[in-house]
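Because only heavy atoms are used, hydrogens play no part in the values below, and waters and symmetry mates are left out as well, while side chains stay in.
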Amino acid sequence: MTTSPKRTVRRVVSLVPSLTEAVAATAPEVLVGATDWCEHPPGLDVVRVGGTKNPDVARIAALAPDLVVANEEENRAPDLAALRAAGLAVLVTEVRSLEQAFDELERLLVAGCGLSAPGWLADARDAWRDVGAATPVLSAVVPVWRRPWMVLGRDTFAGDVLARLGVRHVHADHAERYPRVPLEELRASGADLVVLPDEPYRFTRDDGPEAFPGLPAALVSGRHLTWYGPSLTQAPEVLGRALRTAVR
């Protein structure tokens, strides 16, 4: 979709939790619909339009949005095609690195919605600029699901975030982006630690670390590891603290 910097958007439906937060933090008055999974900001009061993988096209169309925002990884191509077939404008983001996240957020908010670049986006850039390009010194297994075990593979936003904090995940060169890997293979990877986010699978102290005996476990906020939005301003501090705590 081609957008104009002068585009005026007054009604937005978001199909991505992190983008919902980004729009709500910038211009809450334009957000009229979001998925059932959109939990930030707390108390968000908009029409719910189903899940990220099964949005209710009819309900979205009834909201008469000027723009529907989506993501190529979070949302399914057939659903996006159905929205376009209903005559709706759909902006699809692609985010596979931190820099791409910054660029896509600006494209969404400024070119897509006709808004001014928000202060929180500048703050997020500054927060990560201060981190610098850390040389990976630790290797990690990074599961994102259990039963079956799935881990971060190549070309992922979360993998880039971790690399900037000095952690290289051991499946960074895998042919798949989210490969299924047997637990025995994960245990034998030679990693320095295991990084366990609380989403999409909710790993906890009692669910996850026990599968990797003898390996330090960093329990991290999935919102700060995988979301691209206002949470990026706190992500370096929040994630860095969790990683440091795990390897002390």
Side-chain angles (χ1 to χ4, degrees), residues 16-19 21-22 40 52 69-75 92-109 117 120-145 149-181 186 189-201 203 216-247:
V16 185
S18 57
L19 297 182
E21 185 178 24
H40 290 275
T52 57
V69 298
N71 175 263
E72 52 91 26
E73 182 174 85
E74 291 270 1
N75 307 115
V92 182
T93 58
E94 178 183 280
V95 178
R96 300 192 179 188
S97 70
L98 184 63
E99 285 303 322
Q100 192 176 24
F102 291 142
D103 292 343
E104 287 288 76
L105 285 165
E106 185 164 345
R107 181 171 75 95
L108 162 65
L109 297 170
W120 63 258
L121 184 54
D123 291 343
R125 288 184 184 271
D126 289 343
W128 282 98
R129 189 176 296 115
D130 290 343
V131 170
T135 300
V137 295
L138 293 174
S139 63
V141 170
V142 189
V144 293
W145 200 257
W149 288 94
M150 298 176 66
V151 297
L152 290 185
R154 65 169 180 84
D155 195 24
T156 65
F157 170 74
D160 187 41
V161 165
L162 288 172
R164 292 167 186 267
L165 295 171
V167 175
R168 185 182 188 280
H169 62 98
V170 298
H171 297 94
D173 297 322
H174 197 282
E176 299 177 27
R177 297 186 66 219
Y178 299 99
R180 296 184 181 187
V181 182
L186 297 180
S189 65
D192 298 308
L193 76 160
V194 56
V195 177
L196 299 168
D198 60 10
E199 63 174 82
Y201 185 92
F203 289 105
L219 292 163
V220 303
S221 162
R223 177 168 165 260
H224 291 94
L225 179 62
T226 65
W227 286 36
Y228 28 91
S231 58
L232 286 172
T233 59
Q234 295 88 30
E237 178 184 353
V238 171
L239 295 172
R241 182 169 61 248
L243 293 168
R244 290 191 300 272
T245 299
V247 296

Donor-acceptor pair, distance only, cut-off 3.5 Å: does the side chain of [X] make one with the backbone of [Y]?
X	Y	value
Trp128	Leu232	yes
Gln100	Glu94	yes
Arg168	Ala163	no

Would you say the side chain of [Y] lies within less than 4.5 Å of the side chain of [X], judging by non-hydrogen atoms?
X	Y	value
Leu162	Leu152	yes
Thr93	Arg107	yes
His171	Arg177	no
Val16	Val69	no

Minimum heavy-atom separation for [X] and [Y], please, with both atom names.
X	Y	answer
Leu19	Ala70	CD1-O, 3.8 Å
Thr233	Ala127	O-CB, 3.7 Å
Leu186	Ser189	O-OG, 2.9 Å
Val151	Pro143	CG1-CA, 3.8 Å
Val95	Tyr228	CG1-CD2, 3.6 Å
Gly229	Ala22	CA-CB, 4.4 Å

Identify, with sequence neighbours excluded, every residue that meets salt bridge (Lys or Arg N to Asp or Glu O under 4.0 Å) alongside [X].
X	value
Asp160	Arg164
Asp198	none
Glu199	none
Glu72	Arg96

### Task
Not counting sequence neighbours, list each pair that qualifies as a salt bridge (charged side-chain N to carboxylate O under 4.0 Å, His left out) and has a residue in residues 225-238.
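For residues 225-238, and leaving out neighbouring residues, the salt bridge (charged side-chain N to carboxylate O under 4.0 Å, His left out) pairs sorted by first residue read Glu237-Arg241.
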### Query
Pairs in or reaching into residues 220-230: which pass salt bridge (charged side-chain N to carboxylate O under 4.0 Å, His left out), with residues at least two apart or in two chains?
Glu21-Arg223
#### Entry: Test log, rule side chain to side chain donor-acceptor pair (under 3.5 Å), inputs Thr52 and Asn75
CA-CA 6 Å; Thr52 57; Asn75 307 115; 5.0 Å; no
Sequence-distant partners of [X], side-chain hydrogen bond (donor to acceptor under 3.5 Å, both in side chains), two or more places apart:
X	result
Arg180	none
Glu74	none
Trp120	Thr26
Ser139	Asp192

### Task
Please list, chain by chain and in numerical order, all residues satisfying ring-ring contact (aromatic ring centres under 6.0 Å, His included) with Tyr178, sequence neighbours excluded.
none
#### Entry: Set of residues satisfying ring-ring contact (aromatic ring centres under 6.0 Å, His included) with respect to His40, sequence neighbours excluded
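With neighbours one apart ignored, the set is Trp227.
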### Task
Among Val167, Val137, Leu138, find the residue that satisfies the side chain to side chain contact (heavy atoms under 4.5 Å, CB included) test when tested with Val247.
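Answer after filtering Val167, Val137, Leu138: Leu138.
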### Summary
Exactly one candidate in Val142, Leu239, Thr245 meets side chain to side chain contact (heavy atoms under 4.5 Å, CB included) with Val220; the answer is Leu239
### Task
Give me the ring orientation class for Phe203 and Trp149: parallel if the planes are under 30° apart, tilted from 30 to 60°, perpendicular past 60°.
parallel
### Task
Hey, could you give me the CD/OG1 distance between Glu176 and Thr156, rounded to the nearest 0.5 Å?
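Reported to 0.5 Å precision, the distance equals 13.0 Å.
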### Message
Let me confirm one number: the CG-CG distance from Asp173 to Asp155, rounded to the nearest 0.5 Å.
### Response
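Separation between the atoms: 11.0 Å.
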